[in-house]
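Structure below; questions to follow.
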Amino acid sequence: MEDLRRRIDRIDRRLVALLNERAGCAIALGRIKKARALPIYQPAREEEVLGNVQKTNGGPLQSEALRRLFERIIDESRRIERIATDREGDPAAAGDRPPDPGDPRD
């Protein structure tokens with residue numbers, strides 16, 4: 001049991017790093033969207049992302065469960081895009097920070 005828990009902890013750390021990497025991409029996209037006067041919310045792209053996630057699913061998670069997880073990830077990505085663009089690219093001003101590949105917390 002302890003081995004499996006340690007394995008889950010390692011996986012969780014990797015997930016955190018990947019989610020922070022994804023958030024960094026969302027911040028960059030938010031800046032591009034702002035420069036091009038594009039809306040943060042782009043439902044067609046979100047559906048494309050959700051479809052891609054569901055197509056690559058090999059289980060054991062059900063596709064609908066993955067969809068719900070990624071809907072939340074996308075919601076947070078939109079939020080951080082808004083923070084980055086509303087605060088002139090400084091997500092740290094709102095308590096968030098972009099990932100730093102050299103930082104072991106990321």
Exercise: identify the closest heavy-atom pair between S63 and Q54: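 Distance-wise, the nearest heavy atoms are O-NE2, 3.3 Å.
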Look at the side-chain heavy atoms of Ile, Leu, Val, Met, Phe, Trp and Tyr, link any pair under 4.5 Å apart, and say whether L50 and I73 land in one connected group.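 Same cluster.
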CZ/R5 to CG/D12 distance, rounded to the nearest 0.5 angstrom?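 Rounded to the nearest 0.5 Å, the CZ-CG separation comes to 13.0 Å.
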With distance as the sole test, does K33 use its side chain to make a donor-acceptor pair with the main-chain N or O of L38 at under 3.5 Å?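 It does not hold such a pair.
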Answer yes if I27 and L29 sit in the same cluster of Ile, Leu, Val, Met, Phe, Trp and Tyr residues linked by side chain heavy atoms under 4.5 Å apart, and no otherwise.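 In one cluster with I27: L29, no.
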Are I80 and L19 in one and the same hydrophobic cluster, where Ile, Leu, Val, Met, Phe, Trp and Tyr link if side-chain heavy atoms are under 4.5 Å apart?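 Result: no, two separate clusters.
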Separation of L18 CG from I11 CD1 (nearest 0.5 Å):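 Here the interatomic distance stands at 11.5 Å.
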Flag yes if more than 12 heavy atoms outside Q62 fall under 6.0 Å of its CD atom; otherwise flag no.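 Open.
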Taking the side chain as every heavy atom from C-beta outward, state whether L61 and L69 have any atom pair closer than 4.5 Å.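 Heavy-atom side-chain distance check passes, below 4.5 Å.
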Are any non-hydrogen side-chain atoms of Y41 and E46 less than 4.5 angstrom apart?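 Heavy-atom side-chain distance check passes, below 4.5 Å.
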Electrostatic pair E48-R45, nearest N-O below 4.0 angstrom: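 Salt bridge: yes.
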Separation between CD of E47 and CZ of R67, rounded to the nearest 0.5 Å: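 Rounded to the nearest 0.5 Å, the CD-CZ separation comes to 4.5 Å.
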Is E71 salt-bridged to R68, going by a charged N under 4.0 Å from an acidic O?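 No, this pair does not count.
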Look at R6 together with D9 and state whether they make a salt bridge at an N to O cut-off of under 4.0 Å.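 No, R6 and D9 are not salt-bridged.
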Shortest non-hydrogen contact from R22 to V49?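 Scanning both residues completely, I find the closest heavy atoms to be NH2-CG1, 3.9 Å.
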With a 4.5 Å limit on heavy-atom distance, are the side chains of R79 and R82 in contact?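 R79 vs R82: side chains apart.
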